[in-house]
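Every number for a ligand or one of its atoms is a count from 1 in the order of the listing.
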Amino acid sequence: MTVGVLALQGDFREHRRTLEALGADVIEVRRPDELDAIDALVIPGGESTTIAKLAGLYGLMDPLRKHLRSGLPTLGTCAGMIFLASDTVERDQPQLGVLDATVQRNAWGRQNESFEAELEVIGLDEPVHGVFIRAPWITEIGPDVEVLAEWAGHPVVVRDGNILAISFHPELTHETRIHEMLLDMIEGDG
Ligand code: GLN
């Protein structure tokens with residue numbers, strides 16, 4: 001199976017390494033036609049406004065929406081979560097609007113700009129070590145969005161059909177189970 005990693009900005013190389021460790025073929029996606037060649041997509045962490053701006057310049061906004069709305073399994077981490085969501089608290093920035101959620105950027109406050117936490121995630125037996133870096137949290141979700149993990153009362157792992165979005169960075173640790181969840185979604189058994 002071939003997994004695309006949106007490679008406009010952010011830590012796409014780390015996602016590539018995790019996916020390759022799981023045996024996936026990986027391509028870096030920068031052009032609309034590359035979306036036709038993939039079975040799943042990862043949108044990395046980075047800076048959501050930069051990712052959105054470059055996606056606009058590369059003509060990727062509508063092709064991404066089309067593929068994601070037609071069921072392409074997709075994982076977004078941190079800035080990727082923000083880019084997937086439908087709205088952002090107190091900010092007006094381009095988003096794909098395929099995840100029925102409102103996010104708050106840099107939500108944990110100055111003291112907690114970056115922190116690590118052990119998270120219970122529904123569907124996983126052992127906790128996930130979450131590395132949060134200027135991370136978002138979710139303030140509102142639509143009725144069809146499942147919350148798979150929370151931290152301090154805020155959803156940090158959610159699934160909306162074919163979209164899996166998380167606030168932290170599994171690609172920066174030795175964690176592979178989140179990417180495995182994405183690969184299971186391709187096979188339709190996740
Ligand atoms: N703070 C960034 C944003 O708002 C996200 C940070 C990250 O992806 N680690 O886009």
Side-chain angles (χ1 to χ4, degrees), residues 3-19 26 28-30 40-58 60-61 64-65 68 74-119 121 128-141 145 147-160 163-179 181-182:
V3 181
V5 180
L6 190 67
L8 302 174
Q9 189 266 339
D11 69 339
F12 54 88
R13 292 178 194 85
E14 287 77 5
H15 280 285
R16 173 172 203 145
R17 193 188 54 209
T18 305
L19 290 161
V26 179
E28 293 181 3
V29 171
R30 297 186 185 85
L41 178 69
V42 174
I43 303 182
E47 173 58 45
S48 56
T49 48
T50 307
I51 292 173
K53 188 172 172 189
L54 292 171
L57 287 172
Y58 283 63
L60 278 163
M61 292 299 280
L64 279 168
R65 287 193 180 104
L68 272 56
T74 299
L75 165 66
T77 62
C78 203
M81 169 194 263
I82 298 166
F83 187 43
L84 288 164
S86 40
D87 206 0
T88 307
V89 174
E90 289 168 7
R91 297 203 191 222
D92 191 13
Q93 66 183 72
Q95 288 170 282
L96 292 173
V98 293
L99 166 67
D100 189 4
T102 300
V103 293
Q104 178 147 19
R105 292 177 63 191
N106 307 327
W108 306 89
R110 290 184 87 79
Q111 305 284 333
N112 259 329
E113 252 185 15
S114 298
F115 63 97
E116 302 186 16
E118 301 303 313
L119 301 162
V121 179
V128 171
H129 184 73
V131 176
F132 293 76
I133 304 170
R134 293 171 58 74
W137 73 37
I138 289 181
T139 59
E140 274 175 62
I141 51 170
V145 180
V147 177
L148 302 183
E150 291 186 339
W151 184 251
H154 298 280
V156 293
V157 179
V158 296
R159 181 163 170 185
D160 186 0
I163 311 278
L164 180 63
I166 70 176
S167 297
F168 54 91
H169 289 275
E171 73 284 4
L172 298 182
T173 60
H174 293 291
E175 182 59 65
T176 55
R177 290 169 295 166
I178 300 284
H179 293 78
M181 284 165 85
L182 176 70

Give the atom numbers and elements of ligand 1 that come within less than 4.0 Å of a heavy atom of [X].
X: Gly46; result: 2 (C), 5 (C), 6 (C), 7 (C), 8 (O)
X: Gly45; result: 8 (O)
X: Ser48; result: 3 (C), 4 (O), 10 (O)

Who's the nearest protein heavy-atom neighbour of [atom], and how far?
atom: atom 1 (N) of ligand 1; result: Asn106 OD1, 2.6 Å
atom: atom 7 (C) of ligand 1; result: Cys78 SG, 2.8 Å
atom: atom 4 (O) of ligand 1; result: Arg105 NE, 2.6 Å

Part of Ile82 within contact of ligand 1 (heavy atoms, under 4.0 Å): side chain

Single hit among Leu60, Leu84, Ile163 for side-chain contact (heavy atoms from CB on, under 4.5 Å) with Leu96: Leu84

Criterion side-chain contact (heavy atoms from CB on, under 4.5 Å) against Val29, the qualifying member of Val3, Val5, Leu6: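 Of all the options given, the one that passes is Leu6.
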
Can you confirm, on distance only, whether ligand 1 has an N/O atom lying under 3.5 Å from any N/O atom belonging to [X]?
X: Arg134; value: yes
X: Ile133; value: yes
X: His169; value: yes

Phe115 and Trp108 aromatic ring geometry - parallel, tilted or perpendicular at 30°/60° bounds: perpendicular

Rounded to the nearest 0.5 Å, what separation is found between the CG atom of Leu64 and the OG1 atom of Thr74? 8.5 Å

Please check if any side-chain donor atom of Ser167 sits under 3.5 Å from a side-chain acceptor atom of His154, or the reverse.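 Note: Ser167 and His154 side chains miss the donor-acceptor criterion.
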
Less than 6.0 Å separating the ring centroids of His174 and His129?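 Centroid distance His174-His129: not below 6.0 Å, so no.
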
Answer yes or no: does atom CZ of Arg65 have more than 12 heavy-atom neighbours from other residues, nucleotides or ligands under 6.0 Å? yes

